[in-house]
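Note that the coordinates shown come from a computational prediction; the quantities given were computed from them, not determined experimentally.
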Amino acid sequence: MQILLVHSLASHGTASMKAMMSVLGTRVLPVPSLLLTGLTNVPGHQKVAVDLEPMIKGALEIARQQNQRLVLYIGYLGEASQVDILVEAIDDYREAISKVIVDPVSGDHGRLYVKPEIVKRWPDLLSRADWAFPNFTELSLYAGFELGMEVEVYRAIEAFEKRFPDLSFVATSIPSPQQKIGLFLKKGREKLKHEHERLAQNFGGTGDVFAAYFILYHLIKHITPSESLILASNETCGIIRSSIEAKQAFLQLFPKE
């Protein structure tokens, strides 16, 4: 199985595309949505626009000619206009796409870190997706709540489910008591809440790592969604612990043998 990965690519830092490629390796067919000299939290970083349309449609055309079916994963977007390109590509090449998976990268901790125009367009992709990996800020936002508004967890989840009833999803970074971090999975009638310890340090790219491991376990190794969530959570926590112990500024990601 190959994953056509639309995501940002930064020279400095290991989040986004580089984090996922570290886990999924040569299964990834990379299509950068935006080039950066460094992650957006790196002082002095610069952004370089990418002509997405020939890259995404060209990759899908090759898959069609070779009778392949790819997993299409969409993460960070550089411009709202890229949504139109991706929607058209999904509709025109659906026979070459086995699943559409999205991480609606928009913000965290109650604040945005993409343009508001991109936020307005993400529902067009969420409505076409099979799986989504929003964090709790993004889940609440696309459930219809105001950014930064305090929302009871299950109220936000229920509103998100109602807006996207056919979408399977894993919500991450859910507020939990007793120094825990919550995750919530929904696939059809299957639902699971899982918690892991809140670790002493946060790193950029942990959401990308978690999503990559979930894809590895569920879609590639065919493990159940609930088991895949727990395994992906354990893998991600293990990498964070290793990074804290090594006192590294960024996650150093290498797939385990």
Side-chain angles (χ1 to χ4, degrees), residues 6-8 15-16 33-34 40 72-91 94 97 99-177 180-195 198 202 204 206-208 210-211 214-215 225-226 229 232-233:
V6 180
H7 216 331
S8 61
S16 302
S33 60
L34 179 70
T40 54
L72 174 60
Y73 186 102
I74 303 169
Y76 191 99
L77 299 178
E79 297 291 341
S81 59
Q82 292 180 334
V83 174
D84 294 317
I85 295 168
L86 291 164
V87 165
E88 186 176 336
I90 292 168
D91 292 346
R94 190 71 226 206
I97 301 170
K99 290 190 184 300
V100 177
I101 303 175
V102 300
D103 177 0
V105 179
S106 306
D108 203 356
H109 305 296
R111 64 179 182 86
L112 291 183
Y113 42 62
V114 299
K115 299 175 183 177
E117 293 81 7
I118 295 175
V119 173
K120 292 178 182 177
R121 298 302 314 280
W122 259 112
D124 291 335
L125 292 171
L126 285 161
S127 64
R128 286 170 168 78
D130 299 289
W131 278 95
F133 291 89
N135 61 39
F136 187 68
T137 293
E138 294 157 349
L139 179 135
S140 300
L141 182 63
Y142 294 115
F145 297 99
E146 292 293 329
L147 185 69
M149 178 180 176
E150 288 191 18
V151 186
E152 196 276 329
V153 169
Y154 283 101
R155 186 180 171 211
I157 290 172
E158 288 173 4
F160 188 82
E161 288 181 276
K162 185 176 181 180
R163 188 175 187 189
F164 305 105
D166 300 322
L167 180 62
S168 300
F169 65 90
V170 178
T172 60
S173 301
I174 291 177
S176 296
K180 297 280 187 178
I181 296 290
L183 300 99
F184 182 88
L185 178 144
K186 180 255 183 178
K187 179 175 172 55
R189 295 185 178 181
E190 181 180 3
K191 295 183 179 181
L192 173 70
K193 181 181 179 182
H194 176 67
E195 293 182 333
R198 185 185 296 272
N202 293 322
T206 54
D208 297 309
F210 172 83
F214 186 90
I215 290 169
S226 293
L229 179 146
S233 173

Working to the nearest 0.5 Å, report the span between [atom1] of [X] and [atom2] of [Y].
{"X": "His194", "Y": "Thr172", "atom1": "NE2", "atom2": "OG1", "answer": "12.5 Å"}
{"X": "Phe169", "Y": "Phe133", "atom1": "CZ", "atom2": "CZ", "answer": "11.5 Å"}
{"X": "Lys186", "Y": "Leu192", "atom1": "NZ", "atom2": "CG", "answer": "14.5 Å"}
{"X": "Lys162", "Y": "Ile157", "atom1": "NZ", "atom2": "CD1", "answer": "16.0 Å"}
{"X": "Ile118", "Y": "Leu112", "atom1": "CD1", "atom2": "CG", "answer": "10.0 Å"}
{"X": "Trp131", "Y": "Ile215", "atom1": "CH2", "atom2": "CD1", "answer": "10.5 Å"}

Please name the pair of heavy atoms, one in [X] and one in [Y], separated by the smallest distance, quoted to 0.1 Å.
{"X": "Ser173", "Y": "Ile181", "value": "CA-CG2, 4.0 Å"}
{"X": "Tyr113", "Y": "Asp108", "value": "CE2-N, 3.7 Å"}
{"X": "Val153", "Y": "Pro175", "value": "CG2-O, 4.0 Å"}
{"X": "Pro123", "Y": "Lys120", "value": "CD-O, 3.5 Å"}
{"X": "Ala159", "Y": "Phe145", "value": "CB-CE1, 3.8 Å"}
{"X": "Leu185", "Y": "Pro225", "value": "CD1-O, 3.4 Å"}

> So do Leu141 and Trp122 actually touch side chain to side chain, heavy atoms under 4.5 Å?
Replying inline: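 Sidechains of Leu141 and Trp122: no contact.
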
> Considering only heavy atoms from C-beta outward, does the side chain of Ser140 approach that of Met149 to under 4.5 Å?
Replying inline: no

> Counting N and O atoms only, with roles assigned by atom type, does the side chain of Thr137 sit under 3.5 Å from a partner on the main chain of Asn135, one being a donor and the other an acceptor?
Replying inline: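 Checking the backbone N and O of Asn135 against the side chain of Thr137, no donor-acceptor pair under 3.5 Å is found.
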
> Looking only at atom types and distance, does a side-chain atom of Ser127 sit under 3.5 Å from a main-chain N or O of Asp124, one as donor and one as acceptor?
Replying inline: yes

Ignoring hydrogens and angles, write down the donor-acceptor pairs under 3.5 Å from the side chains of residues 75-87, residues two or more places apart or on other chains.
from	atom 1	to	atom 2	distance (Å)
Glu79	OE1	Lys115	NZ	3.1
Glu79	OE2	Lys115	NZ	2.8
Gln82	OE1	Gly78	N	2.9
Gln82	NE2	Ser33	O	2.9
Asp84	OD1	Arg121	NH1	3.1
Asp84	OD1	Arg121	NH2	3.0
Asp84	OD2	Arg121	NH1	3.4

>> For Tyr142 together with Phe164, are the ring centres under 6.0 Å from each other?
In response: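 Here the rings of Tyr142 and Phe164 have centres that are no less than 6.0 Å from each other.
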
>> The test is side chain to side chain contact (heavy atoms under 4.5 Å, CB included); show your working for Val102 and Arg128 and say whether it passes.
In response: CA-CA 9 Å; Val102 300; Arg128 286 170 168 78; over 6 Å; no

> Between Asp130, Ile101, Ile90, which is the residue that forms a side-chain contact (heavy atoms from CB on, under 4.5 Å) with Leu72?
Replying inline: Ile90

>> With side chain to side chain donor-acceptor pair (under 3.5 Å) as the rule and sequence neighbours excluded, what pairs involving residues 144-155 come up?
In response: none

>> Would Leu183 and Phe210 count as a side chain to side chain contact (heavy atoms under 4.5 Å, CB included) here? Give the steps.
In response: CA-CA 11 Å; Leu183 300 99; Phe210 172 83; 3.6 Å; yes

